[in-house]
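In the text below, chain A, chain B and the rest are named by the order of the sequence lines, each starting its count at 1. The figures here come from the full heavy-atom set of this structure, side chains too, leaving out hydrogens, waters and symmetry mates.
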Protein chains: 2
Amino acid sequence: MARTDGQNLTYRIVQALGVAIVSGAYSVKNPFPIEADLCKQYGASRSVLREAVKMLTAKGLLSARPRQGTWVQPEENWNLLDPDVLRWLMERKPTYALLREFAQVRLAVEPRAAALAAEVATSDMKAAIRTAIAQMAEADRDEEDPLPSDIAFHIAVLRASGNRFYSQLSGVTESALRISIRMQNRYKGVRRASVADHKKISDAILAGDAATAEAAMRYLVQEALDLINKADSAAGSDLRQKVRSGHN
Amino acid sequence: MARTDGQNLTYRIVQALGVAIVSGAYSVKNPFPIEADLCKQYGASRSVLREAVKMLTAKGLLSARPRQGTWVQPEENWNLLDPDVLRWLMERKPTYALLREFAQVRLAVEPRAAALAAEVATSDMKAAIRTAIAQMAEADRDEEDPLPSDIAFHIAVLRASGNRFYSQLSGVTESALRISIRMQNRYKGVRRASVADHKKISDAILAGDAATAEAAMRYLVQEALDLINKADSAAGSDLRQKVRSGHN
DNA sequence: AACAAGGAATGATATGATAATTCGCCTCCG
DNA sequence: CGGAGGCGAATTATCATATCATTCCTTGTT
């Protein structure tokens, strides 16, 4: 989907400004520029620039008033659950704190989603879950990257829950899961066990066993959360480099 | 906060179009108009109109291309967790399905938030929780509307969790909670018991008892979910009139 | 010192023109 | 007859410029 994928100038500016904002590039010392300056900086007309700013305003990142200029909103007003915002944050500032908080969201939602999926999943949805598991097993056998199928599994479960908010999280989740799971997979021992753990969830869902599915998913996500906490206490809080140096 | 609160023309149009879109006003039979027509319809200039459309695009409601025009995105692409989008949906199309799905989100998140709050809440946050409970009890005694303090309580707990995503939900939640809780409160018997139930959660959080807080919150929200399911099976699926006829 | 008036900075709105994209039609060639 | 290529039109994207509205800041008056 990727609504802000840089086709046209406006979206490229949204992207650039969005990343700059969540990276903390603007502050009291370096306030957000006025329209005229931004136009010069990006070589764009006022229309384009204003439209970009409006999109960021719609995501809660900016606010503007005549004579007062445009300014970055306090972080608590950002729409963290907007796919773009979360992606910008995860790609540029994947702090342990953010990963942990996101893992807590997963811990809250994914077990419930698994339970619901066990109860209401359509055959299409079940097929998607089964496929993801099969590909995970295959990747594990062939020593390939299990990340894509791992993500596909979690997204399939969220969708299969039949809850639109949960499904929504799958979109939000994509980029966050990528970083989150990659981190988890860097521990080979954990990875091997992980395939079996995922299969257990899948089996329970396919069998319509909500309680088992919920418990198994809770175990898996709790494990991810524990790993983040462990890594956090073992290291600093900015893991940009560590994550990027992971394979692929 | 209410970013689209109708101060200027642009935001008024965002509001009007947003409501129209989520209400299903546009379809194959009645496709989304082209810029020129919308300008005429709202008596606005192209700049303003394009900026409004861009904001709705940022929220996942619209998409546009040269020569193809602007069209409404399929519902699964809407940013349901955007405060504006959810508010528009809840105010115009509060179907039982949507309320149920939202209650499931609450069921997933709020117990965890209560548990976290018990562990990490600052004294400020604890004070907010205590205040909300006190006002709830007072409203109950004086036969006033317990809705505002009820909402304040749930929001205070979400914030006290220290998890930014949970806090985020409190903003998203405000309008949804309003409809959700109002519905719950229409049953007087439930309401009376409800104050005690809330107090139990509050006490556990203030005492730092995470497990009890979590269980008590789960019970409360599960009750809300059950109520929605009960009402759903007893009635049709559009409850606009019923909710509006509730007191206040 | 308090207050009022006016100027200036900045976003909000309006208008008109041009560019880019893509769909549908038409023509011309095979 | 069919298909490829081109041409025209529709629609958004971008640019440029002008004016309005809001509000901060200065300045002057009492």
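Atom CD of A:E35 and atom C1' of D:dT22 are 14 Å apart (whole Å). Nucleotide D:dT14 holds its P atom 19 Å from the CZ atom of B:R67, rounded to whole Å. Atom pair A:L49:CG and D:dA16:C1' shows a separation of 14 Å (rounding to whole Å applied). Here C:dG16 presents its P atom at 17 Å from CZ of B:R50, a figure rounded to the nearest Å. The separation between A:Y11 atom OH and D:dA13 atom P is 7 Å, rounded to whole Å. One interatomic measurement links the two molecules: CH2 of B:W71 to C1' of C:dC23, which rounds to 13 Å at whole-angstrom precision. The interatomic distance linking A:Q68 (CD) with D:dT22 (C1') rounds to 9 Å, in whole Å. In this structure, B:L9 places its CG atom 18 Å from P of C:dG11, rounding to the nearest Å.
Checking B:P146, B:S149, B:P148 one by one against B:Q135, the side chain to side chain contact (heavy atoms under 4.5 Å, CB included) holds for a single residue, B:S149.
Phosphate contact (OP1/OP2 of D:dT12, side-chain N/O of B:T70, threshold under 4.0 Å): present. Residue A:S45 places at least one side-chain N or O closer than 4.0 Å to OP1 or OP2 of D:dC15.
Set against D:dT12, C:dC23, C:dG11, the side chain of A:P66 has C:dG11 as its closest nucleotide.
A distance of 7.5 Å separates OG of A:S45 from CG of A:L9, quoted to the nearest 0.5 Å.
In this structure the side chain of A:T57 reaches within 4.5 angstrom of the side chain of B:Y11, judged on heavy atoms.
The heavy-atom pair separating A:L56 from A:G18 by the smallest distance is CD2-CA, 4.0 Å.
In terms of position along DNA chain D, the nucleotide closest to B:I34 lies nearer the 5' end than the nucleotide closest to the other residue of the pair A:G43 and B:I34.
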Q. Side chain to side chain contact (heavy atoms under 4.5 Å, CB included) between B:K126 and B:I129: does it pass, once the steps are laid out?
A. CA-CA 5 Å; B:K126 286 181 178 174; B:I129 292 175; 5.6 Å; no
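Under 3.5 Å, the side chain of B:S47 and the base of C:dA14 form at least one donor-acceptor pair of N or O atoms.
Looking at heavy-atom distances under 4.0 Å, B:A44 makes contact with sugar-phosphate atoms alone, never a base.
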